[in-house]
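Encoded as structure tokens, the structure appears first; notes follow it.
In each ligand, atom 1 is the first atom listed, and ligand 1 is the first ligand listed.
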Amino acid sequence: MKHLLPPLKFNSKELEPFISERTIEFHYGKHHQAYVDNLNKLIIGSEFENATLEEIIKKASGGIFNNGAQVWNHTFYFDQFSSNPKKRPEGKLFEKIEQTFGAFETFIEKINEACLTLFGSGWGWLIIDNDNNLQIMQTSNAGNPLRDGFIPLLTIDVWEHAYYLDYQNRRAEYLKNIWNILDWNVIENRFNNITLKT
Ligand code: MN
């Protein structure tokens, strides 16, 4: 199976001033593309040659896992953004966030804190755990919650390549700004499309 770089839903300037065109050109055009290209090379002749990304994330190790998970993570990340986003969730997801974290604003503070305190490179996540509860998670490097049987709803890339051109070392400022372009329509759709475990 040849893996492809999925198209962006926005043009590369559209997320400015929160994420610059230059960051999109490098992060999507170079980094995301490189993960796709590396994966396609590495799977040749391996047991994962015809595997889906989800199968790779659950079973692979080493370079195949790292590149496969990074392809999935970046597709999931970029798909969340819009220049005209819905800024707050509504309905069942909103209720579940408020039940779990007390308030929507508290959830934002807590996921930002998880992203800020993640040492080195990785990802901050909102996931659904095995008891159908919402949880904030950190994963290092290419880590992905699917590996642990969890269902990802939202992710924030905190590798330096995600923000360094725009914010240098100011990860907190990147995290504060990212909610201006995070489209809760996308997260609601993900939430509404999952089948909760019974
Ligand atoms: Mn990245």
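The distance from the Mn ion (ligand 1) to the nearest N/O/S atom of His161 is under 2.8 Å. Distance check for His32 against the Mn ion (ligand 1): none of its N/O/S atoms falls below 2.8 Å.
The Mn ion (ligand 1) lies at the vertex of an angle of 100° between the OD2 atom of Asp157 and the NE2 atom of His74 (rounded to 10°).
In this structure the side chain of Ile57 reaches within 4.5 angstrom of the side chain of Phe65, judged on heavy atoms. Side-chain contact between Ile97 and Leu134: present, with at least one pair of heavy atoms (C-beta onward) separated by less than 4.5 Å.
Using modelled atom types, one finds no donor on one side chain facing an acceptor on the other under 3.5 Å when comparing Asp157 with Asn73.
Remark: Arg171 fails to qualify as a cation-pi partner of Tyr164 under the 6.0 Å distance and 45° angle criteria applied to the six-membered ring.
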